[in-house]
There are 2 protein chains.
Amino acid sequence: MRKKTGARPETLVRRNEILRAATDVFGSKGSVNGTLAEIADQVGMTHAGILHHFGSKTQLLLEVLTYRDKTDVEHFTEQHIPGGIDLFRHLVNTAIANAERAGIVQAFVVLSGESVTAEHPARDYFAHRYATLREEIVEAFTQVCEERGITDPGPVRHAAASILAVMDGLQVQWLHDPSAVDLAESTRFAIEAIVSATLHPAASDLAE
Amino acid sequence: MRKKTGARPETLVRRNEILRAATDVFGSKGSVNGTLAEIADQVGMTHAGILHHFGSKTQLLLEVLTYRDKTDVEHFTEQHIPGGIDLFRHLVNTAIANAERAGIVQAFVVLSGESVTAEHPARDYFAHRYATLREEIVEAFTQVCEERGITDPGPVRHAAASILAVMDGLQVQWLHDPSAVDLAESTRFAIEAIVSATLHPAASDLAE
């Protein structure tokens, strides 16, 4: 899936080396302080060499994010994101995998935070990503409700946004203190809580 | 609460003007691209004038974050953060208030994302803030369980981290598309879901 048609194997290897170095640098310094010179240095290339492969810093930034998404998909399904209840299991599995790759998580946290600033190069990427994932989660809820004969679920749009939100937010707390926050288990608990409240709506414990 | 002992009223007014301008600038550009010169320009002062009031850019950044926290606390309780079930209502109310102040939310999102980078000036602030808030939520759960005779709650530490996480993550999606994400209602739904799963643990819908 990751292969570009016509690209030589050595080129693909080189591109992946650069992507890994860029993930490290953007993750540890952000996209403003993290420079192409530092990324070049990590892989023993020149600044111009990086530009030869990626064209611009912005393009490299976007490819770091896409690279992560592709790695996710390939790791778990080899073909596509699953639907129905398997989508929620897949999201829990993503958190389990993320707990083993702090560098990629850090790059994602920093870049998603930056992405809400004016004219940020990854603004459209994140807006599109969240919208697409919310739709996929809504569809998964619809499928599960059909399969399980649930005719009156809770607010699936709130649930879809909340599931993505809790995954993102736990990453921030985990990066700050991995001894206090269990990324995988807290994500599992929260996704199960939100799925349960959606499939089996109950009275609020917060009512006066 | 916000008053500094001994500071003259004009000084306090000036400081608050600077804090509001800094919130705008850090929110729209991040703390690296956002400069003291631009903040000074917004309030009709010099760069040196800003430093006279805040000492350094780092100090100003931290006071922007503290200013937000104080505003929250003052707005809802005038004295202290409530405990027990009222804490969860307070967190929902915070999201309702945040939906009316995108500038402050944006500054918070950008700075919390940046805060996981190496040697970021707000790193300790956020680590401490998350740890403190998690403890307060755990205590609130303990109090609610005692009051309601719940002897076998779900994992309150996962719940505490998840509630803060979902609040943070929804802010990011809401800033990207306020027409698609209802910050207040999605936050209410998610907090109710997590509180319910904690007070009334049930079988997982994700079990194979």
Side-chain angles (χ1 to χ4, degrees), chain A residues 27-30 32-33 85 88-89 92 106 109-118 123 126-127 130-131 134 144 154-155 157-159 161-162 164-170 172-173 175-177 180-182 185-200 202 204-206, chain B residues 27-30 32-33 85 88-89 92 106 109-118 123 126-127 130-131 134 144 154-155 157-159 161-162 164-170 172-173 175-177 180-182 185-200 202 204-206:
Chain A
S28 62
K29 303 203 160 179
V32 182
N33 282 335
I85 203 73
F88 303 105
R89 293 179 186 139
V92 172
Q106 189 168 346
V109 163
V110 175
L111 297 176
S112 64
E114 289 181 352
S115 75
V116 305
T117 57
R123 194 175 174 96
F126 278 102
Y130 286 124
R134 283 195 302 265
V144 173
R157 298 207 157 269
H158 292 326
S162 298
L164 298 176
V166 83
M167 294 181 74
D168 286 356
L170 284 170
V172 179
Q173 291 179 63
L175 288 170
H176 273 298
D177 190 351
V181 176
D182 184 327
E185 287 310 311
S186 286
T187 302
R188 183 198 304 280
F189 167 78
I191 290 179
E192 286 179 344
I194 293 165
V195 169
S196 176
T198 309
L199 300 182
H200 323 287
S204 169
D205 294 287
L206 306 191
Chain B
S28 63
K29 303 202 160 180
V32 183
N33 281 335
I85 203 73
F88 303 104
R89 294 178 185 138
V92 173
Q106 190 167 344
V109 164
V110 175
L111 298 175
S112 64
E114 287 180 352
S115 75
V116 304
T117 56
R123 195 176 173 96
F126 277 102
Y130 286 124
R134 282 195 302 265
V144 172
R157 298 208 157 266
H158 292 325
S162 298
L164 299 177
V166 82
M167 294 182 74
D168 285 355
L170 284 170
V172 179
Q173 291 179 62
L175 288 170
H176 272 299
D177 190 351
V181 175
D182 184 327
E185 287 309 311
S186 286
T187 302
R188 181 197 305 279
F189 167 78
I191 291 179
E192 287 180 344
I194 293 164
V195 169
S196 176
T198 309
L199 300 183
H200 323 288
S204 168
D205 294 288
L206 307 191

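Proteins get letters first, then strands, A, B, ... in listed order; numbering begins at 1 in each. Computed from a prediction, not measured in an experiment: that's the story for all the values here.
Interface residue A:Val110: backbone and side-chain heavy atoms are both found under 4.5 Å from chain B. Using a 4.5 Å cut-off between heavy atoms, A:Leu199 contacts chain B through its side chain alone, with no backbone atom that close. Interface residue A:Ala159: backbone and side-chain heavy atoms are both found under 4.5 Å from chain B.
Nearest heavy atoms, A:Glu192 versus B:Ser204: OE2-OG, 2.9 Å. A:Leu170 and B:Ala165 get closest at one heavy-atom pair: N-CB, 3.3 Å. The minimum heavy-atom distance linking B:Ala197 with A:Ala193 is given by the pair CB-CB, 3.4 Å.
When side chains are defined from C-beta on, A:Val172 does not count as touching B:Phe126, because their heavy atoms never get closer than 4.5 Å.
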| field | Worked check of side chain to side chain contact (heavy atoms under 4.5 Å, CB included) between B:His176 and A:Ser115 | value | CA-CA 9 Å; B:His176 272 299; A:Ser115 75; 2.9 Å; yes
| task | Show the numbers, then the answer: is there a side chain to side chain contact (heavy atoms under 4.5 Å, CB included) between A:His158 and B:Asp182? | result | CA-CA 8 Å; A:His158 292 326; B:Asp182 184 327; 3.9 Å; yes
| After noting the C-alpha distance and the side-chain angles of B:Leu206 and A:Val92, does the key distance pass the side chain to side chain contact (heavy atoms under 4.5 Å, CB included) rule? | CA-CA 10 Å; B:Leu206 307 191; A:Val92 172; 4.2 Å; yes
| query | Can B:Thr117 and A:Lys29 be said to form a side chain to side chain contact (heavy atoms under 4.5 Å, CB included), step by step? | reply | CA-CA 5 Å; B:Thr117 56; A:Lys29 303 203 160 179; 5.7 Å; no
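For the side chain to side chain contact (heavy atoms under 4.5 Å, CB included) criterion with A:Asp205, the lone passing option out of B:Val195, B:Thr198, B:Ile191 is B:Val195.
Within 6.0 Å of the CZ atom in A:Arg157, the count of heavy atoms belonging to other residues, nucleotides or ligands does not exceed 12.
In terms of heavy-atom pairs under 4.5 Å with chain B, the best-connected choice from A:Ser28, A:Ala190, A:Pro155 is A:Ser28. Each of A:Leu111, A:Ile194, A:Asp168 has some count of heavy-atom pairs under 4.5 Å with chain B, and the biggest count is that of A:Ile194. No other option in A:Leu164, A:Asn33, A:Val181, A:Val116 has as many heavy-atom pairs under 4.5 Å with chain B as A:Val116. Per-residue heavy-atom pair counts under 4.5 Å with chain B were compared for A:Thr187, A:Asp177, A:Ile85, A:Val144, and the maximum is reached by A:Ile85.
Every residue was checked against the salt bridge (Lys or Arg N to Asp or Glu O under 4.0 Å) condition with B:Arg134, not counting sequence neighbours, and none meets it.
Between the B:Glu114 side chain and the A:Glu114 main chain, no donor and acceptor come within less than 3.5 Å of each other. Distance alone, capped at 3.5 Å, is enough to place a donor-acceptor pair between the B:Gln173 side chain and the A:Ala161 backbone.
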